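Chain letters run A, B, ... following the sequence lines, proteins first and then strands; every chain starts at 1. Just so we're clear, the structure is a prediction, and the values are computed from it rather than from any experiment.
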2 protein chains.
Amino acid sequence: MTETDRARLYEELGVVSRRHLAAYVLFNQAVADHLGLHPTDVQCLSLMTAEPEPLTVKQIADMTGLTTGSATRLVDRLERGGYVTRTPDRQDRRRVLVTPVPERVARVGAVWDELGHGWQAILEDHTDAELRTIIQHMRRASALSHTQIERLRTMPRPD
Amino acid sequence: MTETDRARLYEELGVVSRRHLAAYVLFNQAVADHLGLHPTDVQCLSLMTAEPEPLTVKQIADMTGLTTGSATRLVDRLERGGYVTRTPDRQDRRRVLVTPVPERVARVGAVWDELGHGWQAILEDHTDAELRTIIQHMRRASALSHTQIERLRTMPRPD
DNA sequence: CATAGTTCGCTGCGTCGCGCAGCAATTTTT
DNA sequence: AAAAATTGCTGCGCGACGCAGCGAACTATG
């Protein structure tokens, strides 16, 4: 019965995904507690370091799902903590570029890196092809999420 | 240079993972907005439906990372919204069992299911072996997260 | 059986992140 | 040049959350 096996795999992946995401949320929370800042802040730093160039406040707002007002406050906290610096954008003087402070962000990275050791062990057990499979799946899942988010926003709310 | 290719894969997976998780957070937020409740509530329902048996308030607190007090309020909100019911536990009369209300939770599930259509498309492109690879990876990543969370909690805070 | 210690869930209280609305400054459009 | 849109910032109020403490119930020790 490859049919039911297949269905079982789907069901399993669903459950595992939810637990996986929950585990990440908890981990993110733990990192935030450990560093004495907020989950949103850690999330923001995590996302910023995945981008090569400095971001504007508006871009940060979009990435985190916050309003521009809240994003301003978020950057305020990060700036006060010395994690980022504000720089006016010369091209568009309305904009403010937010640049991570490498040595400060490295402290956050350090926590991730210690997790990295365990990660290495996990990754090393995978072949290149398997890694590519995982990467591709996450990419597509992310893309799907964004599509669905758009759909939800343009849909009427039940009740 | 398989060496650098490998390193590139690691780097890539790291970036993709962060974006993947960010996408989930945004999606969770969008679902919450759409249903008129809070991200934490949606997260909780998502986790509850992954469990076969009713949970106690304490278990919910642990799963979500909240204090028992906040978990009580969380259950209050869910109960008021008709998503769950409280039932005293006969075995241990201190405990309160929280049971999801199927038809009400189905509304949340409906949103997930519509996402599910896109998910199907993604999943169908994978072989059984690939699915197992992904499942295994997420399992191990989750386990690692929990290990690291414990480590962080028993570690002194920097500064 | 009695009693101290632990666990569970609930409740005031204060904190603070967040959305909302409005604002000035700048850019873009017509 | 004027109108419209965009960007980032600031009061304001809401409400989720952690914290501390409570009573009830279970468990361990004598």
- Note: D76(B)-R86(B) ion pair, threshold 4.0 Å (strictly below): yes
- Message: Tell me whether L97(B) shares a hydrophobic cluster with I60(B), the cluster being built from Ile, Leu, Val, Met, Phe, Trp, Tyr side chains joined at under 4.5 Å.
- Response: no
- Task: Indicate whether OP1 or OP2 belonging to dC10(C) is found under 4.0 Å from a side-chain N or O atom of R86(B).
- Result: yes
- Message: Contact between R132(A) and L9(B) at the side-chain level, heavy atoms closer than 4.5 Å - yes or no?
- Response: yes
- Check whether any side-chain N or O of R18(B) sits under 3.5 Å from a backbone N or O of S46(A) as a donor-acceptor pair, and report yes or no. yes
- Query: Are side-chain heavy atoms of L26(A) and H146(B) found at a separation under 4.5 Å?
  - Reply: yes
- Message: With a 3.5 Å distance limit and no angle check, can you tell me whether E51(B) reaches the backbone of M48(B) through a side-chain donor-acceptor pair?
- Response: no
- Message: Any base atoms under 4.0 Å from R77(B), or only sugar-phosphate, or nothing? Heavy atoms, all strands.
- Response: sugar-phosphate
- Item | Segment of DNA chain D, first to last nucleotide, that comes within the 4.0 Å heavy-atom reach of chain B | dA16(D) to dC26(D)
- Taking the side chain as C-beta and beyond, is there a heavy-atom pair between V101(B) and Y83(B) under 4.5 Å? no
- Item | Separation of dG14(C) C1' from R73(B) CZ (nearest whole Å) | 13 Å
- Query: With a 3.5 Å cut-off and no angle check, do the side chains of Q148(A) and R151(A) form a donor-acceptor pair?
  - Reply: yes
- Looking at side-chain heavy atoms only, is the closest gap between S17(B) and M138(A) below 4.5 Å? yes
Please list, for nucleotides 25-30 of chain C, all pairs of protein and nucleotide N/O atoms separated by less than 3.5 Å.
{"from": "dT27(C)", "atom 1": "OP1", "to": "R93(A)", "atom 2": "N", "distance (Å)": "3.3"}

- Query: Going by heavy atoms closer than 4.0 Å, what residues in residues 19-28 of chain B are next to DNA chain C?
  - Reply: none
- Message: Any side-chain to backbone donor/acceptor pair from E150(A) onto T147(A)? Under 3.5 Å, distance only.
- Response: no
- If we only count heavy atoms from C-beta on, is the H126(B) to I134(B) side-chain gap below 4.5 Å? yes
- Message: Check the orientation of H20(B) and H20(A). Use parallel for under 30°, tilted for 30 to 60°, and perpendicular for over 60°.
- Response: parallel
- Item | Residue-level proximity of residues 58-72 of chain A to DNA chain D when a heavy atom falls under 4.0 Å | K58(A), T68(A), G69(A), T72(A)
- Query: Heavy atom of residues 48-57 of chain A under 4.0 Å from DNA chain D: which residues?
  - Reply: T56(A), V57(A)
- Query: Is the shortest heavy-atom distance from the side chain of F27(A) to the side chain of L152(B) under 4.5 Å?
  - Reply: yes
- Step by step, would you call T67(B) with S70(B) a side chain to side chain donor-acceptor pair (under 3.5 Å)? CA-CA 5 Å; T67(B) 60; S70(B) 298; 3.2 Å; yes
- Message: Treating R104(A) as the side-chain partner and G81(A) as the backbone partner, does any N or O pair qualify as donor plus acceptor under 3.5 Å?
- Response: yes
- Atom-pair distance (NE2 on H38(B); P on dG17(C)), nearest Å: 17 Å
- Main-chain N/O of V96(B) paired to D89(B) side chain as donor or acceptor, under 3.5 Å: no
- To the nearest 10 degrees, what angle separates the axes at the start and end of the helix from dC1(C)-dG30(D) to dT30(C)-dA1(D), five pairs each? 30°
